[in-house]
Amino acid sequence: MFRLLRWLPLLLLLPPPGSPEPPGLAPLSAGAPPQAPDLLYADGLRAYAAGAWAPAVALLREALRSRAALGRARRDCGARCATEPEAALPALLPASPGPDSGSRAARSAWEPLLLRAALRRAECLTQCGARRLGPGGAARLRVGSALQDAFRRREPYNYLQRAYYQVPLPISHPLQSSEPASVATRLLTVPAYWGSGGWVVGSSHLPVFQKALGQCQLKKLDLAAAAAHTFFVANPTHLQMREDMAKYRRMSGVRPQSFRDLETPPYWQAAYDTGLELLGRQEAALALPWLEEALQESLAQVESCRAGCEGPEEQQKEEEEEGGTGSQGGLYEAIAGHWIGVVQCRQRCVEDTATRPGRGFPVPDFLPGQLRRLHEAHAQVGNLSQAVENVLSVLLFYPEDEAARKALDQYQAQLGEPRPALGPREDIQRFVLRSLGEKRQLYYAMEHLGASFKDPDPWTPAAFIPEALREKLREDREKRPWDHEPPQPKPLTHWKDVLLLEGVTLTQDARQLNGSERAVLDGLLTPAECGVLLQLAKDAAESGARSGYQGRRSPHTPHERFEGLTVLKAAQLARAGAVGSQGAQLLLEVSERVRSLTQAYFSPDRPLHLSFTHLVCRSAIEGEQAQRMDLSHPVHADNCVLDPDTGECWREPPAYTYRDYSGLLYLNDDFQGGDLFFTEPNALTVTAQVRPRCGRLVAFSSGVENPHGVWAVTRGRRCTLALWHTWAPEHREQEWTEAKELLQEPEKEEEEEMPSRDPAPEPPSHRLQRVQDKAGKPPRVREEL
């Protein structure tokens with residue numbers, strides 16, 4: 001029954017009959033108030049980590065919807081309450097802060113009006129929030145700044161795309177049965193029931209049921225591709241997502257329409273890009289509607305951003321980052337501090353709107369640039385009056401702009417007679433006047449209250465800036481490269497190069513290996529280093545160290561010998577003099593080298609820890625290789641139990657479920673056979689094969705997406721350093737730390753024996769006993785590759 005519940009949510013995601021497109025992120029609970037996004041997101045990540053894919057999908061989707069609903073409710077309530085007559089601000093306001101802002105009597109009459117309006121506005125917002133968001137309103141759904149940043153980076157979509165892809169769709173072979181399943185009957189109108197291996201369907205209804213499952217599979221891939229695209233738009237340098245996108249494009253069930261942005265609404269970007277493209281083709285008449293739409297959408301997006309600046313988490317972030325006056329005591333200091341934070345946020349809205357997803361910098365001169373395009377296009381088609389309005393709007397931002405003044409003179413000369421009624425656009429005029437008023441307040445707060453403000457606009461008149469602050473502002477502007485030249489996107493090769501160690505090259509990526517989260521990198525070891533580690537493995541084998549394997553035969557095949565060495569065992573043998581200390585030390589250094597490279601390539605934003613390191617050698621047994629049919633290591637996955645018959649991989653014991661990434665660093669190639677190969681989950685279809693060589697690393701994720709095995713070693717000795725990495729710090733390899741401490745002990749003991757540091761050093765016999773005690777610990781037996 002649990003497996004039924006796990007599969008049922010996907011059936012609920014099927015598009016309704018006649019729907020040409022899947023609903024994507026359509027509401028699952030229409031009319032219900034949103035829940036706390038932070039709690040939903042945390043529960044979704046827990047379900048994802050536990051491999052509960054369907055619950056993870058539902059929780060992550062609901063977190064995204066709740067956050068969007070919270071933002072819409074705040075914007076709508078703010079706009080409605082701003083129009084309430086009794087909640088309007090007093091008409092008589094001081095022009096600007098300062099000693100000459102009005103008489104004492106005027107101020108005393110104005111103060112209660114302001115406070116009354118603030119109370120009525122707060123009452124309106126509270127009641128509106130309770131109606132839209134449920135009891136407690138927006139305060140109940142407060143989202144912290146860290147979670148806000150995660151949503152801005154679109155991290156939920158990275159988890160969503162993997163969860164969509166992983167949700168299982170089990171179905172059993174047809175059996176004769178007339179017992180209906182009410183859920184299946186309602187959803188698919190097919191008599192069926194749930195058996196131990198999946199849905200059991202009567203033979204006559206199997207085609208209909210399989211068709212429904214096929215639709216579910218296509219929808220699952222469609223949503224996975226859409227979620228991947230949504231994340232990739234905002235994170236274009238994420239190498240693993242780039243490879244995942246290539247994987248989806250190769251799938252037959254994924255259409256080009258699947259790669260759609262689920263997060264960003266179609267606002268100014270598409271219209272602006274289309275308008276510029278038409279202008280480039282000298283089609284100004286066609287470009288004008290697009291450019292006008294882009295400007296209107298830009299202004300609307302700015303207004304939406306400004307409405308969101310009054311949220312409680314925004315104020316919390318301001319107090320943390322800006323260091324404003326919100327922490328000072330007193331009523332008026334608190335009011336001023338809160339207001340400064342709100343206005344600072346509002347001033348950044350143009351910059352935020354002008355920043356495309358995935359870009360680090362905004363479009364330069366965002367609104368004036370659009371007005372320049374508009375006046376030029378209007379002039380090309382002969383709309384001189386509109387051209388004048390738009391060029392006058394440009395001059396509101398840059399009154400001394402020579403090109404704009406020259407264009408204005410030209411348009412007025414072509415009109416032939418004065419047009420005093422022509423002036424700047426009203427929407428731009430309101431925007432500029434409001435923005436300048438806010439800047440005046442912020443600069444006053446900087447000068448007199450110690451507030452901080454980084455003006456995002458290069459067009460702010462110098463007269464608005466206090467003379468004591470002008471030099472500092474000039475320096476800040478010089479530090480912003482987007483004011484002068486927009487940054488050029490770096491090619492993919494750059495991003496791969498900066499991740500790799502010196503001398504390391506990417507030989508094959510996931511696309512070339514026909515899979516996902518796979519990579520082959522060469523140059524991690526020099527031939528001399530390979531020789532040192534090979535000698536270490538040989539010396540350890542001669543000393544009888546086999547990491548718990550009592551026989552010399554491999555645990556995976558009777559036709560090979562198997563020798564394994566852990567980092568702690570190597571350190572113990574080095575202390576005892578059985579192997580060279582150089583090899584044991586190099587083993588530690590190389591394992592950390594592989595870990596750091598694997599993290600940089602696959603998990604740059606999340607630390608990886610070594611969970612187990614094993615130096616493994618496989619040797620072909622002479623006389624037993626004729627007509628050999630088995631493998632050196634059967635096909636398996638590293639963190640789940642692979643079932644080739646069903647293609648499923650159960651992430652449960654005895655599998656090492658905490659493993660997240662695997663690495664194989666090869667030391668030699670003077671043997672026959674022994675190539676690594678990847679397969680489909682059926683363990684039969686080989687998708688890629690890699691030949692070992694000195695210094696070659698094959699790194700890949702440890703789950704069902706990367707089943708792999710090793711062809712039989714038919715001659716010679718094949719040595720590999722196998723490593724597994726984990727995101728879970730509680731599963732980090734403790735033996736690695738112990739080995740490092742053990743190898744450092746001789747230096748410490750030599751220092752202790754110096755009379756100046758310790759007049760009574762520890763007897764050598766005691767140190768020998770300590771090494772023997774550590775060496776006598778029972779070795780751990782692990783499943784190795």
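The structure displayed is predicted, hence computed values, not measured ones.
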Within 45° cone and under 6.0 Å: R715 NZ/CZ vs F671 ring: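 Geometry flag: not set, cation outside 6.0 Å or 45°.
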R162 to Y165, cation-pi by 6.0 Å centre distance and 45° axis angle: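 Cation-pi check for R162 and Y165: fails.
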Output field: ring centroids [X]/[Y] closer than 6.0 Å:
X    : Y    : result
H708 : F677 : no
F700 : F678 : yes
H725 : Y661 : no

Residues that T657 engages under side chain to side chain donor-acceptor pair (under 3.5 Å), provided they are two or more places apart: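 If we apply the side chain to side chain donor-acceptor pair (under 3.5 Å) test to T657, skipping adjacent residues, there are no hits.
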With sequence neighbours excluded, residues passing side chain to side chain donor-acceptor pair (under 3.5 Å) with Q625: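 Partners of Q625 by the side chain to side chain donor-acceptor pair (under 3.5 Å) criterion, ordered by chain and then number, come out as R628.
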Yes or no on side-chain contact (heavy atoms from CB on, under 4.5 Å) for D675 and V710, after CA distance, side-chain angles and deciding distance? CA-CA 6 Å; D675 288 4; V710 180; over 6 Å; no
Looking only at heavy atoms, what is the nearest atom pair of W650 and D643, with distance?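 Taking every non-hydrogen atom into account, NE1-CB, 4.3 Å.
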Identify which one of Y41, Y159, W727 satisfies the ring-ring contact (aromatic ring centres under 6.0 Å, His included) criterion when paired with Y48.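 That would be Y159.
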For E622, side chain to side chain contact (heavy atoms under 4.5 Å, CB included) partners two or more places apart: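 So E622 forms no side chain to side chain contact (heavy atoms under 4.5 Å, CB included) with any residue.
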My understanding is that only residues two or more places apart in sequence, or in another chain, count here; which of them pass side chain to side chain contact (heavy atoms under 4.5 Å, CB included) with C649?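 With neighbours one apart ignored, the set is A637, C640, L642, V704.
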Go through the steps for N668 and C694 under the test side-chain contact (heavy atoms from CB on, under 4.5 Å), then give the verdict. CA-CA 5 Å; N668 65 320; C694 168; 6.0 Å; no
Full working for side-chain contact (heavy atoms from CB on, under 4.5 Å) between M245 and F259: CA-CA 9 Å; M245 293 286 290; F259 299 101; 3.6 Å; yes
Run the numbers on H229 and F231 for ring-ring contact (aromatic ring centres under 6.0 Å, His included), then give the verdict. CA-CA 5 Å; H229 177 80; F231 177 80; over 10 Å; no
Q582, CD: over 12 other non-hydrogen atoms inside 6.0 angstrom: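 Check fails, neighbour count at 12 or below.
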I need the full list of disulfide bond (SG atoms under 2.5 Å apart) pairs touching residues 601-639, with sequence neighbours left out, sorted by first then second residue.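 Output for this query lists C617-C719.
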Run K740 and L743 through side-chain contact (heavy atoms from CB on, under 4.5 Å) and show every step you take. CA-CA 5 Å; K740 183 177 181 180; L743 290 174; over 6 Å; no
Side-chain heavy-atom pair T566, T613 within 4.5 angstrom cut-off: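 Counting from C-beta outward, T566 and T613 never come under 4.5 Å.
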Nearest-0.5 Å distance that lies between atom CG in L742 and atom CG in L588: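 It is 10.0 Å, given to the nearest 0.5 Å.
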What residues, two or more places apart in sequence or in another chain, satisfy salt bridge (charged side-chain N to carboxylate O under 4.0 Å, His left out) together with R693?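 Expected list: none.
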